[in-house]
Visitor: 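My questions all concern the structure below.
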Amino acid sequence: MNQLSSGVIADIIEGGHPDNPLVQILSMKRIPSGSQERWRLLVSDSQWSCSFAMLATQLNNKVSSGEITNNCIVRLDRYVCNMIQDNKKVLIILDLTVTKSGEEVGGKIGEPVLYDANKSRAEQQQPVSKPPPPQNQTYANKPINNNNMAGSGGTLHQNGPGQRNFPATGASQARTPSGGNVHPIASLTPYQNRWTICARVTNKSNIRTWSNSRGEGKLFSVDLLDESGEIRATAFNEQCDKFYDMMEVNKVFFITSATLKTANKQYSNLNNDYEMSFNRTTEVTSCRESTAIPTMQFSFVSFDQLETLDKDSIVDVIGVCKEAMDMSSVTQRSTGKELKKRDLQLLDSTNREVRLTLWGSQAETFDGSTQPIVAVKGAKVSDFNGCSLSTLSSSCFQMNPDIREAHMLKGWFDNGGNTADTINLSGQKGGMGGGGPGNFKMFAEAQMEKLGTTKPDYYWVTAGILLIKKENCLYPACPQKECNKKVVDMNNGLYRCEKCNREYDSFKWRLMIQTCIADYTDSQWVTLFQDTGEALIGKSAEELASLRDTNPDSFQSVFDAPALQFYDFKLRCNTEMYNDRQSWKNTVVAANPTNPKEQNRRLITEIKQMAGQS
DNA sequence: CCCCCCCC
């Protein structure tokens with residue numbers, strides 16, 4: 001008995017859409033195109049084989065998990081067969097069920113012939129001694145031939161007129177407003193010039209402006225999704241104005257003609273090798289009957305998995321907002337810009353809590369009073385305080401989304417989850433009053449890990465103070481509250497601040513203490529600014545300044561107390577370019593006298609870990 | 001043609 005839907009491949013290529021056909025996967029080939037994994041399959045119905053089948057990327061895990069292997073039999077639950085360009089066709093498998101494993105089947109069923117779409121069914125290659133294959137649904141003959149992936153161009157040509165559209169399930173059955181063919185997003189390449197997709201907007205940025213050496217302008221971008229895949233689209237300037245208002249999140253649109261280019265994976269975590277820019281020929285129209293276009297898909301990572309991920313990983317998470325901190329402001333170091341932020345404490349059913357930071361208007365408007373379920377697609381993992389999360393501008397943030405995982409989590413939380421003991425992944429306070437073990441390192445470790453080379457890193461170190469530079473530890477600073485820039489004495493009773501671009505009749509003293517500190521592996525020059533500096537010497541900057549003028553001896557002895565003492569330093573380390581040379585900067589953001597008991601406890605824990613006793 | 005994604 002034939003276990004396959006013999007002859008069905010010819011039907012599909014010629015425009016038919018049989019339900020749930022059974023085919024065999026003879027071989028798989030990873031397509032060498034960028035970083036995005038894509039699988040091209042050689043499938044067979046035992047009579048015909050087809051080498052231009054592609055697996056939708058959301059099914060890639062079935063390959064990596066070993067569920068799909070050579071020789072397995074699959075049922076095509078959803079698929080589309082589309083013209084992609086110049087009469088070339090692609091069969092995209094959107095959903096499938098493995099009905100028999102490759103191991104169980106053991107080998108190729110029948111002797112399938114590679115179906116050549118340049119020819120009619122009657123003209124297909126035939127076994128010499130047998131009559132032509134049937135023109136209808138009787139799947140009797142088994143033409144003989146050998147074939148493999150390498151032997152075919154991977155594309156077929158159109159059979160003839162009247163076959164431009166190949167109906168499929170769902171949205172792919174839809175016609176464009178002008179009656180044309182709807183293309184799957186997964187089939188788009190830069191080498192086609194006119195196509196229409198039907199896609200849902202799953203995320204939309206604000207309008208952003210830029211200005212650089214190449215010019216200036218404005219833009220916004222959207223994430224587009226259909227059942228075959230996803231892609232990012234960006235609209236610049238003219239197109240930005242034209243499409244910004246109409247392209248609302250969650251709505252579905254026909255989009256015709258845009259420029260495709262290779263996506264820069266550095267800036268996008270969408271599952272596509274390409275991204276599109278809208279251009280003058282781009283048309284966007286609303287699609288009302290759009291139930292077949294999927295809504296945004298999350299791929300949630302549970303909190304107990306977060307710590308296993310590399311920092312800067314991008315993840316989808318869902319959690320109960322157990323607590324929302326007040327909104328606060330921080331100053332962006334690179335630009336001095338004021339940023340609004342709000343930290344949330346999220347909890348999931350693995351009894352882990354993790355901190356999520358929201359930014360900007362999201363931070364301002366967030367209301368956590370009802371302990372909502374929070375879902376984020378594309379949050380960034382950081383190793384701050386152990387492990388924490390932050391949204392990016394590309395993140396999609398949803399409150400109480402109407403999805404299964406949200407309802408399950410809510411049920412869990414309301415039925416005891418809210419009182420369970422939890423582990424706080426973001427709870428490492430680095431030895432600061434309570435909290436778990438901190439992110440302590442030796443200097444040699446920090447160097448080995450190249451901390452601070454690409455972006456600022458924070459870590460704790462227990463180190464002794466070898467030397468404090470007393471010269472230039474005080475500087476006259478701008479008297480403005482938020483400005484601490486050094487002022488220039490104009491020698492006329494006025495002090496000029498370059499940052500504020502004005503002169504003042506007074507200044508304030510600020511501390512900037514350079515000190516050399518050492519642990520058992522190395523020494524480092526580090527800088528303490530105002531607050532940490534004042535805490536270290538036990539004097540305010542103003543006190544120190546007047547001491548320097550009135551009592552040089554006691555000024556000197558201020559620095560004797562901390563010298564040769566051990567402190568737990570929290571360091572912010574990074575590199576900056578000075579005259580084309582990379583130089584290290586270590587800023588002390590906290591300095592606490594080392595508590596030997598706590599230090600020993602930490603060391604014992606480490607020793608036990610190294611000995612495998614924990 | 002953007003591409004910053006921050007702070008402790």
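Sequence lines set the chain letters: A, B, ... in the order given, protein chains first and strands last, and positions in each chain run from 1. Just so you know, these numbers come straight off a predicted model, no measurement behind them.
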Visitor: Let me know the distance between CG of A/Asn206 and P of B/dC3, rounded to the nearest Å.
Guide: 14 Å
Visitor: At under 4.0 Å, does any side-chain N or O of A/Arg355 touch on OP1 or OP2 of B/dC8?
Guide: no
Visitor: Does A/Asn237 reach a base, just sugar-phosphate, or nothing at all? Heavy atoms under 4.0 Å.
Guide: base
Visitor: Nearest whole Å is fine: how far is B/dC5 P from A/Tyr267 OH?
Guide: 9 Å
Visitor: On a plain distance test, is the side chain of A/Thr357 in donor-acceptor contact with the base of B/dC8 below 3.5 Å?
Guide: no
Visitor: Should A/Arg194 and A/Glu283 count as an ion pair when the cut-off is N to O under 4.0 Å?
Guide: yes
Visitor: Please state how far atom CG in A/Leu392 lies from atom P in B/dC4, giving the value in whole angstrom units.
Guide: 13 Å
Visitor: Can you tell me how far P of B/dC4 sits from CG of A/Asn264, to the nearest Å?
Guide: 10 Å
Visitor: Are any of A/Lys380's side-chain N or O atoms less than 4.0 Å away from OP1 or OP2 of B/dC6?
Guide: yes
Visitor: So does A/Gln447 get a backbone contact from the side chain of A/Lys441, meaning a donor-acceptor N/O pair under 3.5 Å?
Guide: no
Visitor: So how far is it from A/Asp343 CG to A/Glu323 CD, rounded to the nearest 0.5 Å?
Guide: 10.0 Å
Visitor: Pick base, sugar-phosphate or nothing for A/Thr331, based on heavy-atom distances below 4.0 Å to the nucleic acid.
Guide: sugar-phosphate
Visitor: What's the closest nucleotide to the side chain of A/Leu339 if the choices are B/dC7, B/dC6, B/dC2?
Guide: B/dC6
Visitor: I need the CG-C1' distance between A/Leu356 and B/dC7, as an integer number of Å.
Guide: 14 Å
Visitor: Under the 3.5 Å rule, do the base of B/dC2 and the side chain of A/Arg232 count as making a donor-acceptor pair?
Guide: no
Visitor: So, the side chain of A/Ser395 versus the backbone of A/Gly378: is there a donor-acceptor pair under 3.5 Å, distance only?
Guide: yes
Visitor: Just the rounded figure in Å: distance from C1' of B/dC1 to CG of A/Asp241.
Guide: 15 Å
Visitor: Which nucleotide, B/dC6, B/dC7, B/dC3, lies nearest any side-chain atom of A/Trp210?
Guide: B/dC3
Visitor: Is the base of B/dC2 stacked against the aromatic ring of A/Phe236, taking ring centres under 5.5 Å apart and planes under 30° as the test?
Guide: no
Visitor: Determine yes or no for a side-chain-to-main-chain donor-acceptor pair under 3.5 angstrom, with A/Lys311 supplying the side chain and A/Lys380 the backbone.
Guide: no
Visitor: To the side chain of A/Ser393, which of B/dC8, B/dC3, B/dC5 is closest?
Guide: B/dC5
Visitor: Within this structure, what is the CG-to-C1' distance between A/Asp343 and B/dC6, rounded to whole angstrom?
Guide: 13 Å
Visitor: What I want to check is whether an N or O donor and acceptor connect the side chain of A/Glu275 with the base of B/dC3 at under 3.5 Å.
Guide: yes
Visitor: Would you kindly check whether a donor in the side chain of A/Arg208 faces an acceptor in the base of B/dC3, or vice versa, at under 3.5 angstrom?
Guide: no
Visitor: Please report, rounded to the nearest Å, how far the P atom of B/dC2 is from the CD atom of A/Gln266.
Guide: 13 Å
Visitor: What nucleotide, of B/dC6, B/dC2, B/dC7, holds the atom closest to the side chain of A/Gln332?
Guide: B/dC6
Visitor: Between B/dC2, B/dC1, B/dC7, spot the one nearest the side chain of A/Trp359, thanks.
Guide: B/dC7
Visitor: Give one of base, sugar-phosphate or nothing for A/Lys261, where a contact means two heavy atoms less than 4.0 Å apart.
Guide: base
Visitor: Would you indicate which nucleotide in B/dC2, B/dC8, B/dC6 comes nearest to any side-chain atom of A/Lys341?
Guide: B/dC8
Visitor: For the aromatic rings, using the six-membered ring if either is Trp, is the centroid distance between A/Phe236 and A/Trp210 under 6.0 Å?
Guide: yes
